[in-house]
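For reference, the structure discussed in these notes is given below.
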Amino acid sequence: MTATTPLSADELNQLTADFDSDPVNRMAMNAVTSAGIDKVARNYDRARLLQRRFSTTVDNGEATHQDRSGRCWLFSSLNVARFVAKRNMNLKEFEFSQNYAMYYDKLERINYFMGDMAGLVRAGEPIDSRLFQHMLADVMGDGGQWTMALNVYKKYGAVPKDLYPETESSKNTGEMNTQLRRLLHTAVAHMVDDPSRIDDIVRETVEAGHRMLTIHLGEPPKRFHWEWTDADGVFHRDGEITPQEFWARYVGSADLESYVCLVDDPRREHAKGTKIGIEHLGNVVGGDPTEYLNVPVRFMKDCVRDILVEQGIPVWFGADCHPMMDRADGAWATDLFEYGKVYRVDFDMTKEQRVRFGDSAMNHAMAFVGVDVEDDGTTTRRWRVENSWGTKIADKGYFTMGDDWFDQYVFEVAVPKAMLPDEYLKALDEPATMLPAWDPMGALA
């Protein structure tokens with residue numbers, strides 16, 4: 001085994017001398033300590049040439065704001081749904097209650113987690129195993145997946161935002177999540193101490209979780225009266241309606257429930273055209289499992305382009321949003337920042353290597369709402385993205401993505417099942433290759 005040796009004083013002095021001997025290092029240090037690495041490394045030519053013009057644009061109104069929460073997957077899926085609802089109700093502006101969706105996601109996730117952990121405890125899973133510790137560490141975050149969002153909408157429907165508005169805890173979820181996490185950790189500890197009480201502990205914990213969520217988020221409506229005035233000034237009255245009826249009436253026409261999730265898993269051992277799933281990843285017991293069809297990124301692009309151009313509807317997607325992002329200007333491109341030139345370091349990992357070595361995974365969900373296509377009708381140049389970070393950044397909350405960035409950092413898109421060719425439809429009927437709970441493809445947006 002290779003031994004690691006301490007840094008000696010002589011070696012440290014030599015490192016310092018080598019740094020000081022090169023005036024380029026001194027210039028970089030002076031610039032970065034004063035302005036920060038992003039301003040120094042920003043590629044001026046690439047930034048100014050990344051235009052905000054698109055051959056196809058889907059207007060989805062004012063950008064939403066998830067505040068200090070990790071609800072991007074709910075915001076982005078509801079942004080797709082609100083486009084459909086606005087079109088069906090002839091409204092210029094409308095927003096679904098993301099708080100309502102989060103309430104039931106977290107309640108269902110408490111039940112899902114407790115059932116999962118009860119099974120592990122009964123099976124004698126060691127407390128210090130990688131799986132047991134991963135489950136404890138990953139519980140009660142805000143992140144999720146398209147399939148998990150649709151599980152909530154299928155079961156609970158949706159409500160307009162003004163009928164179940166944001167609360168202090170929905171806008172800033174940290175403390176609520178901490179308390180819920182403590183509740184679940186305590187429950188698991190009690191299950192391990194006394195396996196004979198597991199069923200009682202599960203029931204008591206779900207009851208306590210419901211109570212805590214209601215205290216933080218308010219009591220969600222079971223029925224409500226719905227009236228609206230459309231874009232032409234015509235008043236409409238729907239009468240009393242349930243959230244499930246509201247979803248079916250105003251979003252059901254898009255058949256979002258039939259969508260499938262495509263992913264680009266770049267690892268060679270996971271063949272394209274096959275289905276993969278993640279163990280222990282889900283929210284609603286009895287809901288659809290979190291599974292993906294692994295396809296080439298080119299096929300994902302073709303699907304997104306065709307939906308935008310031919311159907312005129314936003315497309316949900318998940319990506320690693322942080323690399324090469326100008327948050328203030330609202331831009332992504334693989335060469336938008338020249339970090340390597342500032343540091344004189346080669347950051348040359350491929351997408352596959354970044355996934356394999358923990359450098360990249362999906363961490364944010366958004367919606368495509370535009371694309372610029374070459375005159376050949378197929379070649380994509382750049383993409384317009386509806387984010388959920390408010391209107392004070394980017395182009396009033398809308399971002400521009402270079403086509404090259406899509407290749408490297410987009411991992412997942414949700415598309416209608418009807419778009420898939422026969423070989424992919426057949427693959428959907430095959431059992432999924434199940435990956436462990438900690439696999440990078442299980443990363444939550």
Side-chain angles (χ1 to χ4, degrees), residues 66 69-82 84-85 96-117 119 135 138-159 164 170 173 177 180 184 202 206 209-210 213 217 220 222 242-252 254-263 275-293 315-318 362 365 367 412-417 428 432 434-435 437 441-445:
Q66 68 189 74
S69 73
R71 298 174 291 164
C72 58
W73 60 292
L74 292 173
F75 271 74
S76 50
S77 57
L78 288 174
N79 282 340
V80 175
R82 75 165 174 152
V84 179
F96 281 108
S97 169
Q98 301 89 1
N99 187 24
Y100 179 87
M102 180 173 69
Y103 181 99
Y104 283 112
D105 169 66
K106 288 194 179 292
L107 180 61
E108 288 283 351
R109 238 189 267 207
I110 290 169
N111 184 56
Y112 190 100
F113 173 82
M114 291 303 297
D116 224 357
M117 296 306 291
M135 299 285 285
D138 203 41
V139 64
M140 276 302 115
D142 289 340
Q145 289 274 357
W146 169 269
T147 303
M148 295 163 68
L150 268 293
N151 280 340
V152 173
Y153 309 145
K154 286 179 189 178
K155 185 170 182 178
Y156 295 102
V159 302
Y164 194 61
S170 71
T173 57
N177 289 346
L180 290 170
L184 298 182
V202 170
V206 172
H210 175 270
L213 283 168
L217 303 178
K222 300 293 191 297
T242 67
Q244 294 88 342
E245 290 168 341
F246 189 78
W247 176 269
R249 188 169 301 176
Y250 296 112
V251 183
D255 196 20
L256 300 181
E257 291 85 350
S258 73
Y259 277 37
V260 297
C261 290
L262 309 179
V263 295
K275 194 167 65 172
I276 58 178
I278 308 296
E279 295 173 344
H280 303 281
L281 179 58
N283 58 348
V284 177
V285 175
D288 290 333
T290 306
E291 296 177 340
Y292 323 104
L293 184 65
V315 181
W316 185 96
F317 75 99
M362 186 176 76
E412 180 180 0
V413 299
V415 305
K417 183 178 180 180
L428 289 178
M434 298 305 295
L435 305 180
M441 288 299 115
L444 299 178

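None of the values given here were measured: they were computed from a predicted structure.
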Exercise. Between Glu291 and Lys275, is the closest basic N to carboxylate O distance under 4.0 Å?
Worked result: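 Result for this pair is yes, salt bridge flagged.
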Problem set entry | Asp105 and Arg71 ion-paired at < 4.0 Å | no
For [X] and [Y], which heavy atoms make the closest approach, and how far apart are they?
X: Ser170; Y: Asn99; result: CB-OD1, 3.5 Å
X: Gln145; Y: Ala443; result: NE2-O, 3.2 Å
X: Ser69; Y: Thr173; result: CB-CG2, 3.7 Å
X: Ala445; Y: Trp73; result: O-CD1, 3.4 Å
X: Gly144; Y: Leu444; result: N-CB, 3.7 Å
X: Ile278; Y: Met441; result: CD1-C, 3.9 Å

Exercise. Quick one: does Tyr156's side chain have a donor or acceptor within less than 3.5 Å of a partner on Tyr100's backbone?
Worked result: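 Judged by distance alone, no pair lies under 3.5 Å.
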Just verifying a value: how many Å separate [X] [atom1] and [Y] [atom2], rounded to the nearest 0.5 Å?
X: Leu184; Y: Arg109; atom1: CG; atom2: CZ; value: 11.5 Å
X: Tyr104; Y: Lys106; atom1: OH; atom2: NZ; value: 15.5 Å
X: His280; Y: Met135; atom1: NE2; atom2: CE; value: 5.5 Å

For this session: Tell me yes or no: between the side chains of Tyr103 and His210, is some donor less than 3.5 Å from an acceptor?
Result: yes
Problem set entry | Side-chain donor-acceptor pair present, Trp316, Ser77, cut-off under 3.5 Å |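 Note: Trp316 and Ser77 side chains miss the donor-acceptor criterion.
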Non-hydrogen side-chain atoms of [X] and [Y] separated by less than 4.5 Å:
X: Gln98; Y: Gln66; result: no
X: Phe246; Y: Phe96; result: yes
X: Val80; Y: Leu256; result: yes
X: Val152; Y: Leu74; result: no

